[in-house]
Structure formats: C-alpha cells, structure tokens
Amino acid sequence: MGFEEYERTANQTARDELILAHLWLVRHIAGKLAAQLPPEVDSENLESAGMLGLVEAAERFDPTRGVDFKAFAALRIRGAIIDELRRNCPLPQEMLAKVQILMRAQKTIAQPITVDKLMKATGFTEDEVLDCLAAIPLTQVRSLDQVGDGWFEAKNESPDWRLQLEDQTRLLANAIMSLSERERLVVTLYYKEDLRLKEIGQLLSLSESRVCRLLSAAQLQMREHVKGHS
C-alpha cells in the first residue's frame with residue numbers, strides 16, 4: 001500500500017470513528033428541536049437530516065485548528081435539521097401568517113423590542129407572541145450551517161477573535177443576569193446543562209410548552225440586551 005493510499009484509509013477510519021462516537025449527538029439535537037415543533041413532525045426525518053450534517057462535519061473537520069469536534073458537529077447537525085425543516089416547513093398556515101405579522105411588527109418597534117411591545121403592536125396574546133418567536137427560525141432563509149462556517153473561520157483568520165469573543169461572552173453573561181430568576185434557570189438548564197424541554201419541565205413542574213415560551217422570552221431579552229450594548 002502506498003503512502004497516499006495509507007493516509008486516505010487512515011483519514012477515512014478517523015472520520016468513521018468520529019461519526020460512530022457522535023451518533024448520540026444527532027439524536028439529542030433532533031430531540032431538542034422536535035420538542036418545539038408540532039407533534040406531526042416525523043422525528044426520524046429530523047435524525048436523517050442530522051446524520052447528513054454529522055457526516056459532513058466529520059469530513060470537513062480539521063483537528064489542527066483547535067476546534068472541539070462536538071461543538072463543530074453540533075452546529076452542522078442543527079443547521080442540517082433546520083434547513084430540512086425549512087424545505088418542508090411543519091408550521092400550519094395560521095402560524096405562518098402570525099409569524100409574518102410579528103416579523104413586520106419587529107421592524108417598526110423602537111429598541112429594545114420586548115414581548116409587551118410586540119403584544120401591543122400585533123394584538124396577540126403573550127403566549128401567541130412567544131410561540132411566534134419560537135417559530136421564526138423555521139421561516140428564515142439564512143442557514144445556521146453558514147453561520148457556523150463563519151464562526152470557525154473567524155477564529156483562525158481574525159487577529160482580534162479572542163478580544164471579540166471576550167466582549168461577546170461578557171455581553172451574554174450580563175444579558176443572562178438581566179433575566180428573571182426562572183428564565184435564567186431555564187436558559188442554564190437548556191444551554192449549559194443541555195437538557196431537553198421535557199426534562200426541564202419535569203425539574204420545574206412545568207409543561208413543555210411553558211418551558212418553550214420561557215425560553216423564547218429569555219432569548220428575545222438576551223438578543224436585545226446584546227444589541228443594545230454592542
């Protein structure tokens with residue numbers, strides 16, 4: 001066997017091992033996303049799309065760049081699933097119409113945008129606003145996969161990357177501290193502890209829909225806090 005053939009085989013073996021070792025990550029991410037979707041969405045389709053993201057991540061991963069594979073793969077898995085959902089949007093027409101109304105309202109409201117302002121601008125209830133906020137990612141064209149590419153490229157190409165990361169981390173930490181105690185707990189359990197909505201609901205004695213709405217409210221407030229202090 002020549003050196004090139006040996007290297008190709010070794011690289012393929014390493015990719016296969018990465019894929020097998022992270023199958024659980026596909027199921028985990030698909031499960032977290034499925035909890036925020038209508039019950040008729042086929043979870044197997046989500047996992048199939050996520051598998052394609054995992055395979056692509058394994059093929060494109062470069063261990064010399066100092067990036068953790070789990071984080072690298074998670075972006076691509078999530079992006080692949082969301083892109084699949086956008087191609088076959090599971091939201092009913094009534095929800096899509098409400099999302100469009102809310103998105104138009106966001107463009108007319110003075111910063112910072114709040115749930116109360118959105119309620120006044122749209123005439124929606126608080127729950128309707130929060131449900132629309134949770135649904136927005138499924139209607140937007142921009143690919144999370146492309147966002148991930150830019151993030152990892154920036155780490156290597158921008159000399160100010162670490163400074164930017166420190167600023168973003170500081171802003172995000174301040175944004176989290178501005179949340180209510182319950183919202184802060186939901187955010188921590190969802191992002192840091194990586195729990196699913198159902199698991200958070202069991203811990204807090206809340207329904208999954210209530211946890212989803214708390215998370216949507218927290219995400220909006222954090223985004224507006226970061227924008228307002230950037």
Side-chain angles (χ1 to χ4, degrees), residues 28-43 45-46 49-50 74-75 77-107 109 112-145 147 172 175-176 178-180 182-204 206-227:
H28 181 71
I29 293 174
K32 289 186 74 172
L33 289 173
Q36 303 178 58
L37 299 172
E40 59 269 18
V41 174
D42 189 339
S43 59
N45 286 344
L46 300 188
L75 278 173
I77 293 168
R78 181 178 172 83
I81 292 173
I82 290 182
D83 284 346
E84 173 63 22
L85 287 169
R86 288 176 183 143
R87 284 190 291 268
N88 301 281
C89 186
L91 300 177
Q93 289 300 314
E94 181 182 2
M95 174 59 75
L96 288 173
K98 287 182 177 180
V99 168
Q100 290 301 315
I101 292 172
L102 185 110
M103 292 177 69
R104 287 196 294 270
Q106 285 182 314
K107 298 178 181 179
I109 296 175
I113 298 174
T114 65
V115 173
D116 285 341
K117 289 181 181 179
L118 289 171
M119 289 170 59
K120 292 177 182 178
T122 61
F124 295 163
T125 65
E126 180 180 5
D127 285 350
E128 287 175 325
V129 167
L130 295 175
D131 288 345
C132 286
L133 289 172
I136 283 178
L138 302 181
T139 67
Q140 294 177 329
V141 177
R142 191 179 184 191
S143 169
L144 289 179
D145 192 38
V147 174
L172 185 57
I176 292 173
S178 71
L179 301 175
S180 69
R182 175 165 284 189
E183 288 171 343
R184 190 160 60 245
L185 180 56
V186 168
V187 167
T188 300
L189 292 173
Y190 187 79
Y191 288 108
K192 185 175 181 181
E193 302 301 328
D194 208 19
L195 298 185
R196 299 186 183 190
L197 300 183
K198 181 178 181 179
E199 294 169 326
I200 297 173
Q202 291 172 342
L203 285 174
L204 303 182
L206 298 172
S207 66
E208 283 187 57
S209 61
R210 180 57 181 158
V211 174
C212 183
R213 287 163 180 162
L214 283 169
L215 185 62
S216 294
Q219 290 168 336
L220 174 64
Q221 186 171 329
M222 287 190 296
R223 283 197 300 271
E224 293 302 303
H225 182 94
V226 170
K227 283 196 297 185

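Here the structure is a predicted model, which is why all the values come from computation and not from measurement.
- Side-chain contact between Ile136 and Gln106 is present, with heavy atoms from C-beta onward closer than 4.5 Å.
- Within the model, atoms CG of Leu195 and CD of Gln202 stand 10.0 Å from one another, a figure rounded to the nearest 0.5 Å.
- The neighbour count for Arg182 CZ, taken as heavy atoms of other residues, nucleotides or ligands under 6.0 Å away, does not exceed 12.
- Ser207 OG to Arg213 CZ: the interatomic distance, rounded to the nearest 0.5 Å, is 7.0 Å.
- In this structure the side chain of Ile200 never reaches within 4.5 angstrom of the side chain of Glu193, judged on heavy atoms.
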Are Lys98 and Asp131 close enough, and set up right, to give a side chain to side chain contact (heavy atoms under 4.5 Å, CB included), and what steps lead you there? CA-CA 10 Å; Lys98 287 182 177 180; Asp131 288 345; over 6 Å; no
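- Panel note: side chain Lys117, backbone Pro112; a donor-acceptor pair is recorded below 3.5 Å.
- The CD atom of Gln100 lies 10.0 Å from the SG atom of Cys132; values are rounded to the nearest 0.5 Å.
- Minimum heavy-atom separation, Ala49 to Ala80: O-CB, 3.4 Å.
- Here the CE atom belonging to Met103 is positioned 10.5 Å from the CG atom belonging to Leu133, to the nearest 0.5 angstrom.
- Ala105 and Thr122 get closest at one heavy-atom pair: CB-CG2, 3.7 Å.
- With contacts defined as side-chain heavy-atom distances shorter than 4.5 Å, the pair Thr114/Glu224 does not qualify.
- Counting heavy atoms from C-beta on, the side chains of Leu85 and Leu46 come closer than 4.5 Å.
- At least one side-chain heavy atom of Leu220 sits less than 4.5 Å from a side-chain heavy atom of Leu118.
- Here the side chains of Val211 and Val186 are in contact, with some heavy-atom distance below 4.5 Å.
- Using a distance-only test at 3.5 Å, with no hydrogens or angles considered, no donor-acceptor pair links the side chain of Glu208 to the main chain of Leu197.
- The two residues Ala217 and Glu183 make their nearest non-hydrogen contact at CB-OE2, 3.7 Å.
- When side chains are defined from C-beta on, Arg210 does not count as touching Leu204, because their heavy atoms never get closer than 4.5 Å.
- Scanning all heavy atoms of the two residues, the minimum distance from Lys32 to Arg196 falls at CG-CG, 3.7 Å.
- For the atom pair CZ (Arg184) and CD (Gln221), the distance works out to 10.0 Å, reported to the nearest 0.5 Å.
- Side-chain N or O atoms of Glu84 include none that pairs as donor or acceptor with a backbone N or O of Asn45 at under 3.5 Å.
- Between Leu189 atom CG and Leu214 atom CG the span is 11.5 Å, to the nearest 0.5 Å.
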Next item on the list: Evaluate the side chain to side chain contact (heavy atoms under 4.5 Å, CB included) criterion for residues Asp194 and His28: first the C-alpha distance (whole Å), next the side-chain angles of each, then the deciding distance (0.1 Å), finally the verdict.
Entry: CA-CA 9 Å; Asp194 208 19; His28 181 71; 2.9 Å; yes
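- Leu130 places none of its side-chain heavy atoms less than 4.5 Å from the side chain of Phe124.
- Heavy-atom minimum distance, Leu91 versus Ala135: CD1-CB, 3.7 Å.
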